[in-house]
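Presented below is the structure to which this report refers.
As the structure lists them, so they are numbered: ligands from 1, and atoms in each ligand from 1. Both backbone and side-chain heavy atoms feed into the values below; hydrogens, waters and symmetry mates do not. Worth saying up front: this structure is predicted, and the values here are computed from it rather than measured.
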Amino acid sequence: MLDEIKKIRTEVESRLADIKNSDGVENFRLDYLVKKGSIQSLFDRLKDVPKDEKPLVGKELNLLRSFAEENYKSLKEKFENSKETISELDLTLPGRKEFTGSHHPVLQTMREMNEIFIKMGFSIAEGPDIEDEYHNFDALNFPPDHPARDMQDTFFIESENKLLLRTHTSPVQIRVMKEMKPPIRCIMPGRVYRNEAINARSLAEFHQIEGLYIDKHVTFAELKGTLIQFAKKMYGENSKFRFRPSFFPFTEPSAELDITCFLCGGEGCRVCKYSGWLEIAGCGMVHPNVLKECGIDPEVYSGYAFGFGIERVTMLRTGIDDIRLLYENDVRVLEQF
Ligand code: PHE
């Protein structure tokens with residue numbers, strides 16, 4: 001009997017080693033593990049075994065049965081799983097798309113602009129969105145009858161001290177100059193508000209980055225150099241720029257920086273109003289009246305200031321030709337950035 005058990009054990013071992021698929025597993029079960037299988041028939045013969053041999057034979061038989069059963073179970077699991085994978089996976093299906101969020105293109109632009117100016121030695125300053133007339137206009141040398149002070153151009157907040165939503169980031173210049181002693185080299189990113197009709201080119205709420213540099217002997221050449229350096233980093237070495245004389249109450253002389261239109265490449269089109277150029281920044285040398293107002297002696301110090309519209313820069317980088325697309329929050333637009 002013990003010899004027979006040994007024989008079946010060797011047989012079982014070699015059968016197990018040969019099993020290659022789930023049919024093989026099933027045939028193994030039918031041959032060894034069912035009631036009429038060869039292991040059970042050995043159990044059936046246990047009653048004829050002499051009494052003193054019974055414990056040993058019984059033990060060996062049990063070992064054989066559990067060996068066969070355990071191996072059967074694990075092989076069954078293995079082939080069942082692989083069968084499932086093959087039948088359920090259609091390898092020709094396109095992969096599942098992972099949806100990951102990203103920063104809004106305007107925020108991306110703002111951060112990139114900050115980064116370039118930080119590398120040039122500027123630090124970041126901030127001011128409040130709700131300003132008073134003093135910081136937004138008076139201290140910036142706006143005359144009392146300037147049209148920007150009109151309700152049609154500025155959102156005023158009903159209050160005793162005539163609060164308003166800042167129309168530009170330039171009031172932060174005043175706050176910075178009153179707080180710090182020259183040399184001052186700051187950029188001031190933030191949101192600004194204007195009471196304007198919304199169309200493809202302008203919104204009532206948008207973003208600017210203001211720049212301010214105050215020191216002894218600061219010249220207009222440095223202003224031009226800094227802005228061109230920045231613009232080339234932002235738009236590439238081959239982009240073309242021009243400075244055009246302009247006017248702001250808080251800078252003298254004043255200029256505007258233009259870049260070749262991204263849509264027509266300078267030929268003239270609807271976006272650039274057929275001029276071939278797009279305005280990207282206002283700038284100039286800080287007006288002596290402004291320096292004086294902030295307690296800085298214009299005989300000793302001079303400085304420049306500039307202001308970029310961040311949405312405009314974003315449009316130039318992305319090729320979006322309608323500013324409203326940036327704020328409609330249509331995922332089909334946003335997911336491209
Ligand atoms: N504040 C100006 C504007 O809103 C831009 C500007 C900033 C111009 C700094 C000159 C100097 O248009």
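Listed by chain and residue number, nothing satisfies the salt bridge (charged side-chain N to carboxylate O under 4.0 Å, His left out) test with Asp153 (two or more places apart in sequence, or in another chain). Take Glu293 and apply the salt bridge (charged side-chain N to carboxylate O under 4.0 Å, His left out) test, not counting sequence neighbours, and it matches no residue.
Residue contact check for ligand 1: Phe250 places a non-hydrogen atom closer than 4.0 Å to it.
Between Ala255 and Phe248, the closest heavy-atom pair is O-CE1, 3.7 Å.
Distances below 4.0 Å separate heavy atoms of Cys283 from the following atoms of ligand 1: 8 (C), 10 (C), 11 (C). Close approach of ligand 1 to Gln208 (heavy-atom distance below 4.0 Å) involves ligand atoms 3 (C), 4 (O). For ligand 1, the atoms sitting less than 4.0 Å from at least one non-hydrogen atom of Phe306 are 7 (C), 9 (C), 11 (C), numbered in the order shown with element in parentheses. Taking a cut-off of under 4.0 Å to the non-hydrogen atoms of Glu210, the atoms of ligand 1 that pass are 7 (C), 9 (C).
Distances between N or O atoms of His168 and those of ligand 1 include at least one value under 3.5 Å.
In this structure, the separation between CD on Glu53 and CG on Asp48 is 12.0 Å, given to the nearest 0.5 Å. Of the inter-residue distances, the one linking Leu203 atom CG with Arg194 atom CZ reads 11.5 Å to the nearest 0.5 angstrom.
Evaluated by nearest non-hydrogen atom to atom 3 (C) of ligand 1, the leading choice among Arg194, His287, Glu256 is Arg194.
The part of Ser170 lying near ligand 1 is the side chain, judged by heavy-atom distances below 4.0 Å.
Hydrophobic clustering (ILVMFWY, side-chain heavy atoms < 4.5 Å, transitive): Met1 and Leu56 are in one cluster.
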